[in-house]
Engineer: 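I am attaching a structure below and will ask some questions about it afterwards.
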Amino acid sequence: MGEIKETVKSIAEAARQEFRDVGAADALEALRVRYLGRKGVIRELMQQLGSLEAAERPQAGRLINALKEEIVALHESARAALDRKDSVARVQQEVDVTLPGRPMRMGKPHPLTQTTDEIVDIFARMGFSAVYGPEIETVHNNFEALNMPLDHPSRDAFDTFFIKGRDDLVLRSHTSPVQVRAMRAARPPLRIVVPGRTYRPDTVDATHSFMFSQVEGLVVDRDISMADLKFCLNEFALAYFGEGVRTRFRPHYFPFTEPSAEMDVSCIFCDGGGCRVCGSGWIEVLGCGMVHPNVFRAVDIDCEEYTGFAFGMGVERLCMLKHQIHDMRLFFENDVRFLSQF
Amino acid sequence: MKASWNWLTDYVALSAPAMEVAERLTMAGLTVEAVEETADDLILDIEITSNRPDWLSHLGIAREAAALYALTLKVPQVALPEASGDVRQEASLEVTAPELCSLYTGRVIKGIKVADSPAWLKKRIEALGLRAVNNVVDITNYVMFECGQPLHAFDLANIADRSVIVRRARDGEVITLIDGTRHTLMASDLVIADRQAPIALAGVMGGLLSEIGSDTVDVFLESAKFDQYSIRMSAKRLGLSSDASYRFERGVDRETVDWGSRRAAQMILEIAGGTMSEGMLAVGAGSAGHTTLRLRQSHLSRLLGVEVPIEKARSILASLGFVIRGGSPDDTLVEVPSFRGDVMEEADLVEEISRINGYDKVPSRTSMRIDPGRRTPRERLVETVERVLTSAGCYGSVSYSLVSSELFKSLSPWSDREPVYLQDRGGHENVFMRPSLVGSLLAARKTNEDRKVECADLYEIAHIYLGCDDELPDQPLMVAAVMGDGFPDMKGVVERLLGETGVRDVTYERASLPFLDQAKSACIMHNGQMTGYLGLISADLQEKIDLRDQVSVFELRLAGLEEAAHDVAAFAPLKRFPGVERDLALIVPEETTWAQILACIESAGVGLIDEVSFRSVYRGEPIEEGSKSVAFHVVFRSAERTLTGEEADAEQARLVGALREKLGAKLR
Ligand SMILES: [Zn+2]
């Protein structure tokens, strides 16, 4: 009996030492097998019970069971310690996925360029091709060919930049002269959009600038009607402002179209209910109309054979509406904190 | 134009609520911008387009409302009482500038009593935001806002010799107007004068001396049609604008000149008393005849894309004052009333019909044929350039094409000529069109720097403007950028940009542009022409614009590159056999350029060279002063088989031999 007591004691001491020193999961498993396995130390001790006197067996059994429980406990705590160690090591290797990535250097086109591109793209899907023209333009193309004779109010020197020393040249006050150039360059059918810069001597403030961008459109063919105009511009409004938007066409006056109209869209902020931006629930978006016969006459297109429609819109205005930009001057400051937002 | 609701309903029995009428008017082209409620009236603020002077009156707006609601327009009847004495005994009239005044009429009313207007008249005048003056002046204003014809009443006692002369002003002639301002006139201005001096600036404002005052007894009442353009130019030049000039500039109705005169005379007699002299002084025709236009139902339908019955079209036109002179549906003759000078052809009739019928009746549908739009070479080029530059970290900028800083002139190598200047005007003096984009980019960089926005790398794609005597100045499309990087990085961007566009045969030469760092700048040459430049800005320029960083810039002419760009890449077969790679370092004189080394390799005729790529330049020990070591990488390769080391050795020996012979290069 004393012998087994000694054995249990020395096994317990050795086990305590070994489980404390174990440094890796596979070594721990080997220890477990050695002590607690099917052919392990505890099982071996149990088998020795049979060789003891019957009276000594219960006490020896209790001693061995106590040893087993201690070793199980030792194993548990050793495993817990190892797990803790592993997880620290693991965390040290893992990246903090919530840290920001290294910033990628990439710029963006100017918001006005993006807006122009979007407008042109919408019309391109309806078959319009982009055409460009000079910004320093002849007085004739800017005015006369567009049915704006000399005594027309907008012909006033106060509304147009003239080139010094050249009374025949102006900074184009709209993109419409490119219509004239396009109709001279190619016979109908024509289906074009004209993006570009335009100039009028306005004083710069939040909603005015002496330089601004327009997109002009022109369709000329046999039997083009106002219904075609409404169709194309409705499609544009849906594509640019969103599928829920409604449009209305109000009569207006432009010298180069007859009949003429302005297109309003239902306010994208209040859905037409009326708000601070729109007032009435409608937002004026563009001017349009059927090409005036005098414009056809100026470029020798037979206005009995052909009809057409034209439209023009301000890019700044459309961009400001969409992105809720309140001051037009921001476009021309080129502050990267502004440019990077769009 | 402000319109009083109460006043409008004098002429048309509107039963619909004012807000609904406002909406209908807006959708017919008279944009009602606001409806203001006063104590017992509603004031409509209506935006009138410049082609419709007839709408600058309550009768004109009422006519429109009557047409929209199919109601009758009630035009006041004018009946003048018995007159006494011949007007020609009271005053004389002479028009010496009929080209600026196609119709002038004058009536004389004697023995009036100037006083405050009756309450109803005051109220009408004040409702429109005007100040009531006295009964005579208020009546002329009232009639103008009623029918659109401006009238002017002179104190006959202050017209010297009672002679009214309509003439051009004499250069330097001076007039003091009712508002107290003094103006120096020129021959393009039209004046109403007596035998001594001008008594009114025609169509714009009356003179102070002949104004109606409390002691006025006899009145000369003017009603006329002045030349639109001349009135506008005078008013603009002198910085004057009046309700009268606003109407004359847009054109008054010749046939309303007399109606307005009689209407005002009647009211003066009723309100201010007095007796009217028999007849009227007049120079010019009271009517110029009426235009008759042909309306075709087929054209109407064709232009609108919807059938409008001819009966409907005719009744709309009739309700607007047009006279239908009969004819078949495709040959309806329409007589245009004189107050509709804007209606000159069939398309104008179509608009009138469509406006009143409602633009909403035009369907939104199309039978336009399929027309595949084509992307133009310019679009493709610009898109590629933007893709490369944004990938390089640059933001697109848009700067004003109009500049005034002298600095811009020194930043353009594109023309020696003076830039294109604009005509001076208030607020825009010494403004010219920029001859280069780089100045704007540097200014934008500076703006960002001042606002503590670090490293603002920017580009712009826009036109520049170069002086020239041709019909139009040269206005080529350019791209330019400013970046914080040094020369090699900027050149890498330019090379990639040109590479992506497919523009070939580009070479780089030393640049000597004054605004660039002489040691770190280059010209971009294409087909023997300088098509661009790149480099660091000079220290001088950096200091002048007070930039913190010595930034680099490039500017490239895109105009002309559209044709040179090959945007369809031809496939090159992938290499099948491994090559033999060698790293070589040559010691060459300092002046030897990489381009010379490449040219030498090319001309050496070593057939198995597949790739040559630059690695580095080294100066210093043990290489002697005046020389440098240029390291590069060569791949020898055959398209048919794997090369052996010996074959490569032989090729390399030939290569090195050629370099030694032509450039004096030694293998390091
Ligand atoms: Zn709204």
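Everything numeric here is computed off the predicted structure, so don't read it as measured data. Each chain gets a letter, A, B and so on, in the order its sequence line appears, and its residues count up from 1. FYI, side chains are in, hydrogens and waters are out, and symmetry mates aren't considered; it's all heavy atoms of this structure.
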Engineer: Is S399(B) close to chain A through its backbone or its side chain, or both, or neither, when contacts mean heavy atoms under 4.5 Å?
Structural biologist: both
Engineer: So which part of V219(A) gets closer than 4.5 Å to some heavy atom of chain B, the side chain, the backbone, both or neither?
Structural biologist: side chain
Engineer: With a 4.5 angstrom heavy-atom cut-off, is it the side chain or the backbone of A456(B) that approaches chain A, or both, or neither?
Structural biologist: both
Engineer: Which bit of I163(A) is near chain B, if near means a heavy-atom gap under 4.5 Å: side chain, backbone, both or neither?
Structural biologist: both
Engineer: Sort P189(A) into side chain, backbone, both or neither according to what part of it lies under 4.5 angstrom from a heavy atom of chain B.
Structural biologist: both
Engineer: Would you indicate whether the side-chain heavy atoms of K230(A) and R365(B) approach each other to under 4.5 Å?
Structural biologist: no
Engineer: Under 4.5 Å from any heavy atom of chain B, what part of E304(A) do you find: side chain, backbone, both or neither?
Structural biologist: both
Engineer: Select one option (side chain, backbone, both, neither) describing which atoms of T31(B) are under 4.5 Å from chain A's heavy atoms.
Structural biologist: side chain
Engineer: Side chain, backbone, both or neither: which part of V306(B) has an atom under 4.5 Å from a heavy atom of chain A?
Structural biologist: neither
Engineer: Can you check whether T160(A)'s main-chain N or O pairs, donor with acceptor, with R425(B)'s side chain at less than 3.5 Å?
Structural biologist: yes
Engineer: Are D117(A) and E383(B) packed together at the side-chain level, in the sense that at least one heavy-atom pair is separated by less than 4.5 angstrom?
Structural biologist: no
Engineer: For the pair V350(B) and M290(A), evaluate side chain to side chain contact (heavy atoms under 4.5 Å, CB included) and give the outcome as yes or no after the intermediate values.
Structural biologist: CA-CA 11 Å; V350(B) 172; M290(A) 304 305 293; over 6 Å; no
Engineer: Does any backbone or side-chain atom of T376(B) lie under 4.5 Å from a heavy atom of chain A? Answer side chain, backbone, both or neither.
Structural biologist: side chain
Engineer: What verdict does the side chain to side chain contact (heavy atoms under 4.5 Å, CB included) test give for R191(A) and R369(B), after you've listed the backbone C-alpha separation in whole Å, the side-chain angles of each residue and the deciding distance to 0.1 Å?
Structural biologist: CA-CA 11 Å; R191(A) 204 179 296 180; R369(B) 63 198 172 72; 4.2 Å; yes
Engineer: Need one label for E449(B): side chain, backbone, both or neither, based on atoms under 4.5 Å from any heavy atom in chain A.
Structural biologist: neither
Engineer: Quick check: do D424(B) and K164(A) have side-chain heavy atoms less than 4.5 Å from each other?
Structural biologist: yes
Engineer: Counting only non-hydrogen atoms closer than 4.5 Å, does R125(A) touch chain B with its backbone (N, CA, C, O), its side chain (CB onward), both, or neither?
Structural biologist: neither
Engineer: Side chains of E460(B) and N334(A): do they bring a donor and an acceptor to under 3.5 Å?
Structural biologist: no
Engineer: Could you tell me which portion of V120(A) (side chain, backbone, both or neither) has an atom closer than 4.5 angstrom to a non-hydrogen atom of chain B?
Structural biologist: side chain
Engineer: Can you say whether Y459(B) sits under 4.5 Å from chain A via the side chain, the backbone, both, or neither, judging by heavy atoms?
Structural biologist: side chain
Engineer: Check whether N234(A) gets within reach of chain B through its side chain, its backbone, both or neither, counting any heavy atom under 4.5 Å.
Structural biologist: side chain
Engineer: Which answer fits D335(A), side chain, backbone, both or neither, if we ask what part of it has an atom under 4.5 Å from a heavy atom of chain B?
Structural biologist: both
Engineer: Tell me, side chain or backbone of D202(A) under 4.5 Å from chain B's heavy atoms, or both, or neither?
Structural biologist: backbone
Engineer: Between F161(A) and L402(B), is any pair of side-chain heavy atoms under 4.5 Å apart?
Structural biologist: yes
Engineer: Do R250(A) and Y359(B) form a cation-pi contact, if we require the NZ or CZ to be under 6.0 Å from the six-membered ring centre and within 45 degrees of the ring's axis?
Structural biologist: no
Engineer: For M344(B), is it the side chain, the backbone, both, or neither that has a heavy atom closer than 4.5 Å to a heavy atom of chain A?
Structural biologist: neither
Engineer: For R52(B), is it the side chain, the backbone, both, or neither that has a heavy atom closer than 4.5 Å to a heavy atom of chain A?
Structural biologist: neither
